[in-house]
Amino acid sequence: MIALGIEGTAHSIGVGIIKESQEKCRVLSNVIKTYQPKKGGIHPREAANHHATYLPGLISESLQTAGIDFQKIDLIAFSQGPGLGPCLRTAATAARALALSLDKPLMGVNHCVAHLEIGRGTVEGCTDPVLLYVSGANTQVIAFAEGRYRVFGETLDVGIGNCLDKFGRTLGMEFPCGPKIEQLARNGSSYLPLPYSMKGMDIAFSGLLTAAECHVQKKKPLEDVCFSLQETAFAMLTEVTERAMAHTEKQEVLLGGGVASNKRLREMVETMALARGAKFFVPSRDLCVDNGAMIAWLGLLMYQSGLRMRVEESVINQRFRTDMVEVTWRA
Ligand code: ATP
Ligand code: FE2
């Protein structure tokens, strides 16, 4: 089977085409266009307009790259949530129109679950991981238990990516700020105290953000502030992930989301995994960030497990929780 997936939860609009071969996911194409606000954060309506503008071109491009035409597509999948309403609606409307006009089945999928499944589908040896999903808006530790993907820990306020972006923005950096902060942090050496806020298995970043901004106001070297911000935030993430691994007795850890590109975060999580005798995995960068291929792959898994979705059931859900999905495609 071949599936086409449309991703549009936030600032990126992506189209991916995938094919199943021997229960693994082969990516035939995966094209993305990202909305860059001129200043400030994402304006949902503007992002949605951006998506509507680029989506038709991306669909043609993905078919061309995959070297197939519409007739070869067996399923149309889209990101049903969670995300920004106007963006989700744009992707969903396009998916419905495609499915109806081509007379192909439609499948709405949970974006967070897609981040996990693309790891299992494309990374050799990754079968039952604890996922540390770290992106702009999302920060969750997810693992499979008793028929669902359960959230073992998550942020109580902003996502780690948003925390980094907000910090960078106050310094006048352009979005995305994560990579620039990583660069500066490499030249930092002196640790400045910052709040380490964990509540049970959950974490909070807003106090950390304010405290980091205070260090900047006090004219502490920027490299040291970035270094301390990363060390503190990433240690919190690594700790929750380790606790989830200990609790579930899982022997694999998978990174996902745009912040998974960060070398220091990878190093910390890998060190933790190796110390536990567990395996560490990261999908390729184009499959870590928001992308259409992961949506297509999860849609296909769901469809093959026997699930069907009528157009009336394809309403988007801005607050679509990871653990709302009944996992019918694996044991
Ligand atoms: P979501 O998946 O929650 O809808 P998103 O679309 O913002 O959110 P991604 O595209 O997965 O998420 O990731 C974007 C985020 O990743 C930005 O916040 C950006 O600053 C961050 N990021 C990218 N590269 C790095 C890096 N090297 N270090 C830290 N953060 C990074
Ligand atoms: Fe994402």
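Just follow the structure's listing: the first ligand is 1, and inside any ligand the first atom is 1.
Considering both main-chain and side-chain atoms, His11 comes within under 3.5 Å of ligand 1 through a nitrogen or oxygen pair. Checked by distance only, ligand 1 and Ser135 come closer than 3.5 Å through their nitrogen or oxygen atoms. Between Gly136 and ligand 1, at least one pair of N/O atoms sits closer than 3.5 Å. For ligand 1, the polar-atom distance check finds no N/O of Gly257 at less than 3.5 Å from any of the ligand's N/O atoms.
One option in Gly178, Cys112, Pro179 has a heavy atom closer to atom 24 (N) of ligand 1 than any other, and that option is Pro179.
Atom numbering of ligand 1 starts at 1 in the shown order; those under 4.0 Å from a heavy atom of Pro176 are 19 (C), 20 (O). Contact atoms of ligand 1 toward Leu164: 29 (C), 30 (N) (distance under 4.0 Å to a heavy atom of the residue). Residue contact check: Ala137 has heavy atoms under 4.0 Å from atoms 3 (O), 8 (O) of ligand 1. When each atom of ligand 1 is checked for a heavy atom of His111 under 4.0 Å away, the hits are 2 (O). Near Gly161, meaning under 4.0 Å from one of its heavy atoms, ligand 1 places the atoms 18 (O). Atoms of ligand 1 lying under 4.0 Å from any heavy atom of Cys177, numbered from 1 in the order shown and given with element: 20 (O). Heavy-atom contacts of Glu182 reach the following atoms of ligand 1: 26 (C), 27 (N), 28 (N) (cutoff under 4.0 Å). Taking every heavy atom of Thr9 and a limit of under 4.0 angstrom, the matching atoms of ligand 1 come to 4 (O).
No part of Tyr35 comes within 4.0 Å of ligand 1, judged by heavy-atom distances. Contact annotation for Asn262 and ligand 1: heavy atoms of both the backbone and the side chain come within less than 4.0 Å of the ligand.
Computed with the Fe ion (ligand 2) at the centre, the His111 NE2 to His115 NE2 angle is 90°, stated to 10 degrees.
Side-chain contact annotation: Asn262 with Gln230, donor-acceptor N/O pair under 3.5 Å present. Side-chain contact, Gln36 with Glu174: no donor N or O sits under 3.5 Å from an acceptor N or O. No donor-acceptor contact under 3.5 angstrom links the side chains of Gln64 and Ser62, judged on distance only. Using modelled atom types and a 3.5 Å distance limit, the side chains of Tyr191 and Glu231 yield no donor-acceptor pair. A donor-acceptor contact under 3.5 angstrom links the side chains of Ser261 and Arg285, judged on distance only. For Thr155 and Thr139, the side-chain atoms include no donor-acceptor pair closer than 3.5 Å. Using modelled atom types, one finds a donor on one side chain and an acceptor on the other under 3.5 Å when comparing Trp329 with Glu117. Side chain to side chain, His115 and Tyr133 meet the donor-acceptor criterion of an N or O pair below 3.5 Å. In this model, a donor atom of one side chain and an acceptor atom of the other lie less than 3.5 Å apart for Ser314 and Arg96.
Looking at atom 11 (O) of ligand 1, its nearest protein heavy atom turns out to be Gly258 N, 2.7 Å. For atom 4 (O) of ligand 1, the closest non-hydrogen atom of the protein is Asp290 OD2, 3.1 Å. With hydrogens left out, the protein atom closest to atom 21 (C) of ligand 1 is Val259 CG2, 3.8 Å, a heavy atom. Among protein heavy atoms, the minimum distance from atom 18 (O) of ligand 1 is reached at Asp165 OD2, 2.6 Å.
Geometrically, Arg330 engages Phe144 in a cation-pi contact defined by less than 6.0 Å to the ring centre and at most 45° from the axis. Both tests do not hold together for Arg264 against Phe234: distance to the six-membered ring centre under 6.0 Å, angle to the ring axis within 45°.
For the Fe ion (ligand 2), the nearest N, O or S atom contributed by Asp290 is named OD1.
A heavy-atom separation below 4.0 Å is not found between Gly159 and ligand 1. Heavy-atom distances between Gly83 and ligand 1 stay at or above 4.0 Å for every pair.
Counted within 6.0 Å of NZ on Lys166, heavy atoms from surrounding residues, nucleotides or ligands total 12 or fewer; the atom is thus considered open.
No side-chain heavy atom of Ser12 sits under 4.5 Å from any side-chain heavy atom of Val289. In this structure, Leu192 and Val225 have side chains that are in contact, with non-hydrogen atoms separated by less than 4.5 Å.
In this structure, Thr122 and Cys25 approach most closely via the heavy-atom pair CG2-O, 3.8 Å.
Note on Thr9: not counted as a metal contact of the Fe ion (ligand 2), no N/O/S atom lying under 2.8 Å. Contact annotation: Cys112 places no N, O or S atom under 2.8 Å from the Fe ion (ligand 2).
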